[in-house]
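Since the structure comes first, as structure tokens, the remarks are kept for the end.
Read the numbers this way: they start at 1 and go in the same order the structure lists the ligands and their atoms. The figures that follow rest on heavy atoms only: side chains count, while hydrogens, waters and symmetry mates do not. Since the structure is predicted, the reported quantities are computational estimates derived from the model, not experimental observations.
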Amino acid sequence: MTISQNGAYVRQPLIAGNWKMNMDHVQGITLVQKLAWTLKDAGHEYDRAEVAVFPPFTDIRGVQTLTLGDKLDVVYGAQDLSTQDSGAYTGEISGQFLKKLGCTYVLVGHSERREYHNETNQVIASKLAAAYRHEITPVLCVGEGLEIRKAGEHVSYTLNQLNESLEGVSAEQAENLVVAYEPVWAIGTGEVAGPADAQEMCAAIRAALVERFGEDIAQKTRLLYGGSVKAANAAAIMRERDVDGVLVGGASLDAEEFANIVRFEHHLVTG
Ligand SMILES: O=C[C@H](O)COP(=O)(O)O
């Protein structure tokens, strides 16, 4: 949601938890329940920061039932989707099914999909098209590996990933887009990119979006940082001008830790 005040764009922060291949459907319901209770006890106002979780496919129905039944403000999404809508595609999950399960978002092009499933920018472009066909907001993941970073080619590499993945996405579709910058060398390593690194890349991504879709859409698009985000480092990263949220892996599996990341503003003050 973007509120334009006196011509300035105010982007609602998005704090997203990617559970990856963790939490069965019972554990998943428990985690969401504990997260919601922790945030309620802390008086969290969801318009200050949107909260999304990305459970494994097997958990989504349970999360839907819980969030609807208890009227929780936590939204959710899937970690991937098929390029196809239906048919003889064993093991694939259609965006149509995810929409029916109430998914607000879907991760597309996560580095672990790119690496372990050989997803090219072209495949990811097709997955973006599938997300838009089913009116699910894609969270497009981009980011460089360590060798590219060491060579100082991280900006050009990441922007190439972005532009090739966005091939075929219209300006109208891009009204519903989130981009997550996740340097591969910071994922799961405990080595978080510094706030300046996150800002450098998010500013470059925003400039590329201006070029592709125009100023208005680019300024409305939320840009996330992902890679070893913890409660201890989230506030400094969120303080950066072009960083509008975080995509959290390991730390999202602990309700207290993730709730502290959601409430980064309070650490901003005390940080
Ligand atoms: O999707 C989340 C990113 O891969 C970051 O994971 P991490 O927080 O465990 O480093």
Side-chain angles (χ1 to χ4, degrees), residues 13-23 27-28 31-32 35 49-57 59-60 63 74-81 98 103-117 119 124 127-128 131 136-146 148-149 154 158 161-162 165 177-195 197-198 201-202 205 222-238 240 243-264 267:
L14 171 57
I15 310 299
N18 174 15
W19 298 356
K20 304 190 181 181
M21 191 169 72
N22 297 293
M23 298 290 159
Q27 293 168 319
L31 177 55
V32 172
L35 173 64
E50 184 181 17
V51 182
V53 294
F54 291 82
F57 290 128
D59 300 15
I60 295 178
V63 170
V74 175
V75 297
Y76 53 91
Q79 297 176 22
D80 181 44
L81 82 166
L98 300 176
C103 287
T104 302
Y105 296 107
V106 60
L107 298 182
V108 177
H110 190 282
S111 63
E112 288 151 5
R113 300 291 307 172
R114 291 173 187 263
E115 181 182 352
Y116 303 136
H117 300 271
E119 291 191 357
I124 287 153
K127 292 193 170 195
L128 286 172
I136 305 173
T137 298
V139 178
L140 170 59
C141 300
V142 293
E144 83 286 351
L146 189 58
I148 300 283
R149 164 67 63 164
H154 50 290
T158 302
Q161 272 188 325
L162 177 84
S165 301
L177 173 67
V178 177
V179 179
Y181 165 59
E182 297 203 310
V184 179
W185 47 271
I187 294 175
T189 61
E191 187 169 338
V192 62
D197 292 331
M201 189 56 73
C202 287
I205 290 169
R222 287 178 294 180
L223 307 181
L224 314 183
Y225 166 78
S228 295
V229 172
K230 306 284 184 270
N233 59 39
I237 291 169
M238 288 300 295
E240 295 299 325
V243 180
D244 310 308
V246 287
L247 181 52
V248 184
S252 69
L253 302 175
D254 178 297
E256 294 278 344
E257 178 74 8
F258 190 56
N260 280 325
I261 295 171
V262 169
R263 296 180 57 72
F264 67 90
H267 300 280

Taking all atoms of both residues into account, what is the closest heavy-atom pair of V229 and A251, and its distance?
O-CB, 3.4 Å
What about G188: any of its N or O atoms under 3.5 Å from an N or O on ligand 1?
yes
Sub-4.0 Å heavy-atom contact, H110 with ligand 1
yes
Could you grab the distance from atom CH2 of W185 to atom CG of D197, nearest 0.5 Å is fine?
5.0 Å
Do the side-chain N and O atoms of H117 and E112 include a donor-acceptor pair separated by under 3.5 angstrom?
no
At the 4.0 Å heavy-atom cut-off, does A186 count as touching ligand 1?
yes
If we number the atoms of ligand 1 from 1 as shown, the ones under 4.0 Å from a heavy atom of I187 are 4 (O), 6 (O), 10 (O)
From L81 CG over to C103 SG, what is the distance, rounded to the nearest 0.5 angstrom?
9.5 Å
Backbone or side chain, does any N or O of G249 fall under 3.5 Å from an N or O of ligand 1?
yes
Nearest protein heavy atom with distance in Å, relative to atom 2 (C) of ligand 1
E182 OE2, 3.1 Å
In terms of residue, atom name and distance, what is the protein heavy atom nearest to atom 6 (O) of ligand 1?
K20 NZ, 3.2 Å
Nearest heavy atoms of M23 and D59, plus distance in Å
O-OD2, 2.5 Å
Listed partners of E240 passing side chain to side chain contact (heavy atoms under 4.5 Å, CB included), at least two apart
P195, Q199, V243
Please identify which atoms of ligand 1 are closer than 4.0 Å to at least one heavy atom of G250.
7 (P), 8 (O), 9 (O)
Near S228, which atoms of ligand 1 are under 4.0 Å from a heavy atom of that residue?
7 (P), 8 (O), 10 (O)
Y105 side chain to E50 side chain, donor-acceptor N/O pair below 3.5 angstrom
yes
